[in-house]
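In what follows, chains carry the letters A, B, and so on, assigned in the order in which the sequence lines appear, proteins first and then strands, with residues in each chain numbered from 1.
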Amino acid sequence: MPELPEVEVVRRGLADHVVGRTIERAEFFGTRVARRHLPGPRDLADRLAGNHVEDARRRGKYLWLVLSGPDGSRQGLVTHLGMSGQLLVEAPDAPREKHLHAVVDFDDDGPQLRFVDQRTFGGMALAELTPDDVPEPVAHIAPDPLEGGYDQAAVVRRMKGKDVAVKRALLDQTLVSGVGNIYADEALWRAQVHGERLCSSLTKPTLARVLDHAREVMLEALGQGGTSFDALYVNVNGASGHFDRSLHAYGQEGRPCDRCGTPIRREAFMNRSSYSCPRCQPRRRARRG
DNA sequence: AGAACGCCCTGCTGGC
DNA sequence: TGCCAGCAGGGCGTTC
């Protein structure tokens with residue numbers, strides 16, 4: 001399940017293997033992968049041909065290639081991996097994956113870029129760059145904790161003013177981007193805060209602590225090549241990360257908390273699962289005495 | 001207008 | 001053994 005660290009691993013792979021090359025042709029299979037590209041997959045393929053890949057960038061879980069056309073125009077090939085998307089760099093004669101949705105060939109003898117996605121929650125689209133140098137479909141996303149424009153004090157102020165659960169706020173990509181269900185649970189476990197506590201009821205230092213941990217846990221995961229449970233996520237070379245060995249809360253139902261030994265609980269929240277320690281992360285502040 | 005819900009999709013798992 | 005409901009869940013369109 002690609003969240004920020006996994007997407008960053010993919011971005012680095014693209015920087016190494018795709019940036020600096022020129023697209024010769026592209027092909028999209030089916031219509032779903034290009035559903036966000038309103039003129040359709042054929043138009044997308046036609047527009048990609050002849051573009052030079054200048055850069056590979058990321059904000060939160062969004063990834064894009066900065067393309068320059070023969071006429072000097074610049075656009076972004078925006079890619080979201082969704083739940084199960086993979087960008088793979090492979091030899092053109094490598095066997096076709098079962099859920100192959102797109103192939104990009106370059107005008108050299110190097111490998112091709114493939115988009116594979118089992119559940120096709122992900123997709124690709126070509127978009128104009130805004131004056132902030134961010135593709136239009138990414139403009140509404142807040143900076144992520146690993147980028148320069150990230151202003152944590154401002155995020156804390158916005159959160160403090162909201163009567164919403166702190167986990168809901170962590171997952172709100174317009175507040176802070178890149179955090180998904182896994183790293184939200186890990187950050188809340190580290191901060192010893194229950195995800196259903198309201199932002200407005202937490203102190204600013206506590207909110208800052210939660211965000212600090214979100215940033216730290218994602219940095220640690222990045223250092224280990226990301227998290228992977230089921231081999232759906234891989235980097236561009238097909239190798240999985242192994243941060244899942246370091247999880248303290250997510251997916252750990254019934255296992256003793258690494259801090260206090262109390263069994264980790266699983267609760268339904270926002271139509272998905274939340275994992276937390278009942279003792280370290282009480283729903284309400286424990287009474288003294 | 002901001003918040004919350006439901007749908008998109010496929011593969012795997014568990015229960016009967 | 002087989003079938004099917006349930007689950008995994010990010011983001012966005014729709015609804016309230």
Can you tell me the distance, in whole Å, between the [atom1] atom of [X] and the [atom2] atom of [N]?
| X | N | atom1 | atom2 | value |
| --- | --- | --- | --- | --- |
| A/L4 | C/dG11 | CG | P | 11 Å |
| A/D144 | C/dG10 | CG | P | 16 Å |
| A/N271 | C/dG10 | CG | C1' | 13 Å |
| A/F121 | C/dG13 | CZ | P | 15 Å |
| A/R266 | C/dC7 | CZ | P | 8 Å |
| A/Q118 | C/dC7 | CD | P | 18 Å |

For [N] and [X] - does any side-chain N or O of the residue sit under 4.0 Å from the phosphate oxygens OP1/OP2?
| X | N | value |
| --- | --- | --- |
| A/Q173 | C/dG10 | no |
| A/Y183 | C/dG10 | no |
| A/H80 | C/dG11 | yes |

Apart from A/L198 itself, which Ile, Leu, Val, Met, Phe, Trp or Tyr residues share its cluster (side-chain heavy atoms under 4.5 Å, direct or through members)?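 Hydrophobic cluster check, A/L198: no partners found.
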Indicate yes or no: at least one non-hydrogen side-chain atom of A/N51 is less than 4.5 angstrom from one of A/T22.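 They are not in side-chain contact.
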Once side chain to side chain donor-acceptor pair (under 3.5 Å) is applied, what residue pairs with a partner in residues 132-146 of chain A remain, sequence neighbours excluded?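 Residue pairs with at least one partner in residues 132-146 of chain A: A/R57-A/D133, A/R58-A/D144, A/R74-A/D133.
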According to the side chain to side chain donor-acceptor pair (under 3.5 Å) rule, which pairs have a member within residues 60-70 of chain A, sequence neighbours left out?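 Matches after skipping sequence neighbours: A/E54-A/S68.
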A/R36 side chain, from C-beta outward: closest of C/dC12, C/dA8, C/dG11: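 From the listed options, C/dC12 comes nearest.
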Let me confirm one number: the OG1-CD distance from A/T206 to A/Q192, rounded to the nearest 0.5 Å.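 One gets 11.0 Å once the value is rounded to the nearest 0.5 Å.
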Using the heavy-atom set of chain A and a strict 4.0 Å cut-off, write down the first and last nucleotide of DNA chain B that makes it in, 5' to 3'.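 Under 4.0 Å from chain A, the extent on DNA chain B is B/dA3 to B/dG11.
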Roughly what angle, to 10°, lies between the helix axis at the start of the helix from B/dG2-C/dC16 to B/dC16-C/dG2 and the one at its end, five pairs per end?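 The value is 50°.
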Kindly write out the residues that satisfy salt bridge (Lys or Arg N to Asp or Glu O under 4.0 Å) with A/D117, not counting sequence neighbours, or none if the list is empty.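 Listed in chain order: nothing, the list is empty.
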Would you indicate what A/F269 reaches in the nucleic acid, counting non-hydrogen atoms under 4.0 angstrom: base, sugar-phosphate, or nothing?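 No contact.
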Applying a 4.0 Å non-hydrogen cut-off, can you work out what A/R35 is touching in the nucleic acid: base, sugar-phosphate, or nothing?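 Nothing: the residue A/R35, judged by heavy atoms under 4.0 Å, touches no strand.
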Which residue, A/S273 or A/H140, contacts DNA chain C at a nucleotide closer to its 5' end, judged by nearest heavy atom?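 Result: A/S273.
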For atom CG of A/N271, decide whether the heavy atoms of other residues, nucleotides or ligands shown that lie under 6.0 angstrom number more than 12.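 Counting other residues, nucleotides and ligands, CG of A/N271 stays at 12 neighbours or fewer.
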Do we get A/R25 above A/F106's six-membered ring, with its NZ or CZ under 6.0 Å from the centre and within 45° of the axis?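 Ring-cation test returns no.
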Between A/V164 and A/D117, just flag the one whose closest nucleotide in DNA chain B comes earlier from the 5' side.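 Its nearest nucleotide lies further toward 5', so the answer is A/V164.
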Find which nucleotide of DNA chain B each of A/D172 and A/H99 is nearest to by heavy atoms, and output the residue with the more 5' nucleotide.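 The residue mapped nearer the 5' terminus is A/D172.
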Do A/L171 and A/V193 land in one hydrophobic cluster if side-chain heavy atoms of ILVMFWY residues count as linked below 4.5 Å?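 Different clusters.
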Donor-acceptor contact present, side-chain A/R21 to main-chain A/H17, <3.5 Å: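 Pair found, side chain donor or acceptor close to backbone of A/H17.
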